[in-house]
Amino acid sequence: STPWPLVTDFGIAKPITNENLGLAQMPRTRTGFIMPGTVGYSAPEQIDSGSVLTPATDLYALGMVFFKMLTGRHPYPVVNEKQIDVFLWNKIQEESPPSRLSDVAPFLGPYFDKFFEKALSKNPADRYQNAAEFIQAIENANAALETSLAEAEEYFQLSRSIWKRA
């Protein structure tokens, strides 16, 4: 059978009492509230405790994970996304855009750049609003990639047959 990757933990299972590792060790937002999740994958609105979290917030984190699955690196210029401080993460997100996939993985970029531009938008209203939209966009990008690969294979076979005759 084909192995399937599973995302099993976004880092949100955290203790909330002093008896269980203590609140001092928990990531905190700008206003001091405890922040669930791994800071280096959190949407901008998740850092600000006054913001409303929506499905677009979760899809942002999923977009971050998907980028890393495709490229092996974080979309933002961070050294270690698991040990990043909330305040530094907020500053990184405010001052720099995420990497374009085409800059990291040129063979995938043209097909997935628009997907990640929307998935990792700083404004939640500009992101995919539900999982169905998110999945459809991935399927569309993947279909375009598959078409391109099929055309490249056809061109390769044609070139090969011409060289064999020469």
Side-chain angles (χ1 to χ4, degrees), residues 1-13 27 35-48 51 53-86 88-164:
S1 90
T2 304
W4 292 93
L6 298 175
V7 178
T8 59
D9 180 16
F10 281 115
I12 59 173
M35 191 185 113
T38 302
V39 176
Y41 290 85
S42 300
E45 68 272 16
Q46 200 170 354
I47 303 292
D48 183 3
S51 295
L53 304 183
T54 66
T57 306
D58 293 332
L59 293 173
Y60 179 94
L62 190 56
M64 298 283 278
V65 170
F66 187 44
F67 188 99
K68 187 156 186 185
M69 286 174 64
L70 288 176
T71 65
R73 61 170 278 206
H74 196 278
Y76 283 91
V78 297
V79 176
N80 184 339
E81 69 267 11
K82 292 190 184 242
Q83 295 179 347
I84 194 165
D85 170 271
V86 173
L88 178 59
W89 180 235
N90 185 55
K91 185 173 174 54
I92 289 169
Q93 286 183 314
E94 285 177 358
E95 294 179 358
S96 62
S99 298
R100 289 176 44 88
L101 189 70
S102 56
D103 294 338
V104 181
F107 58 95
L108 293 174
Y111 309 99
F112 284 93
D113 277 344
K114 285 186 179 181
F115 167 80
F116 283 107
E117 184 177 317
K118 185 167 182 165
L120 303 181
S121 173
K122 292 178 192 310
N123 183 349
D126 295 338
R127 289 186 216 133
Y128 299 103
Q129 296 303 301
N130 58 58
E133 276 184 34
F134 187 91
I135 291 167
Q136 186 61 55
I138 290 172
E139 288 175 349
N140 292 345
N142 194 51
L145 174 62
E146 286 177 356
T147 299
S148 177
L149 291 174
E151 290 170 358
E153 176 65 22
E154 187 177 309
Y155 176 77
F156 174 74
Q157 293 301 332
L158 179 63
S159 300
R160 193 172 169 192
S161 68
I162 291 170
W163 279 104
K164 281 184 178 181

A.B. asks: To check you understand the geometry: which heavy-atom pair defines the closest contact between S102 and D113, and what is its length?
C.D. replies: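 Smallest heavy-atom distance, with atoms named: OG-OD2, 2.6 Å.
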A.B. asks: So which heavy atom on Y76 is nearest to which on S96, and how close?
C.D. replies: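 That closest heavy-atom pairing would be CE2-O, 3.1 Å.
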A.B. asks: If you take all heavy atoms of Q46 and L53, which pair is closest and at what distance?
C.D. replies: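 Closest pair (atom of Q46, atom of L53, distance): CA-CD2, 3.8 Å.
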A.B. asks: Over all heavy atoms of both residues, which pair between F67 and L101 is shortest? Give the atoms and the distance, please.
C.D. replies: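 Closest pair (atom of F67, atom of L101, distance): CE1-CD1, 3.7 Å.
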A.B. asks: Take F66 and L70, measure what side chain to side chain contact (heavy atoms under 4.5 Å, CB included) needs, and give me the verdict at the end.
C.D. replies: CA-CA 6 Å; F66 187 44; L70 288 176; 3.7 Å; yes
A.B. asks: Can you name the nearest heavy-atom pair linking F112 to N142, along with the distance?
C.D. replies: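 Residues F112 and N142, closest heavy atoms: CZ-N, 3.9 Å.
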A.B. asks: Looking at CZ of F116 and CD1 of I138, how far apart are the two atoms once the value is rounded to the nearest 0.5 Å?
C.D. replies: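 One gets 7.0 Å once the value is rounded to the nearest 0.5 Å.
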A.B. asks: List the steps and the verdict of side chain to side chain contact (heavy atoms under 4.5 Å, CB included) for R127 and F134.
C.D. replies: CA-CA 9 Å; R127 289 186 216 133; F134 187 91; over 6 Å; no
A.B. asks: With no hydrogens and no angle check, is any side-chain donor or acceptor of T147 less than 3.5 Å from a backbone partner on A143?
C.D. replies: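 Looks like yes, one N/O pair under 3.5 Å.
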A.B. asks: Before you tell me yes or no, could you show the steps for F115 and Y128 under ring pair (Phe, Tyr, Trp, His ring centres under 6.0 Å), namely the whole-Å CA-CA distance, both residues' side-chain angles and the distance that decides it to 0.1 Å?
C.D. replies: CA-CA 9 Å; F115 167 80; Y128 299 103; 5.4 Å; yes
A.B. asks: Rounded to the nearest 0.5 Å, what separates atom CE in M64 from atom CE in M69?
C.D. replies: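 Going from CE on M64 over to CE on M69, the span is 14.5 Å.
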A.B. asks: Tell me the side chain to side chain donor-acceptor pair (under 3.5 Å) pairs involving residues 116-125, sequence neighbours left out?
C.D. replies: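 Output for this query is empty, none listed.
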A.B. asks: Where do G63 and L120 come nearest, in terms of heavy atoms and distance?
C.D. replies: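 Reported closest heavy-atom pair: C-CD2, 3.9 Å.
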A.B. asks: Measure the shortest side-chain to side-chain distance between Y60 and P124 over non-hydrogen atoms and say whether it is less than 4.5 angstrom.
C.D. replies: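 Side-chain contact under 4.5 Å: no.
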A.B. asks: Taking ring pair (Phe, Tyr, Trp, His ring centres under 6.0 Å) as the test, write out the residues that go with Y111, two or more places apart.
C.D. replies: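 Partners of Y111 under the ring pair (Phe, Tyr, Trp, His ring centres under 6.0 Å) test: none.
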A.B. asks: Taking atom OG1 of T54 and atom CG of L59, what is their separation to the nearest 0.5 Å?
C.D. replies: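 So the gap between those two atoms works out to 8.0 Å.
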A.B. asks: Enumerate the residue pairs fulfilling salt bridge (Lys or Arg N to Asp or Glu O under 4.0 Å) with a member in residues 132-145, sequence neighbours excluded, ordered by first and then second residue.
C.D. replies: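 Residue pairs passing salt bridge (Lys or Arg N to Asp or Glu O under 4.0 Å), neighbours aside: none found.
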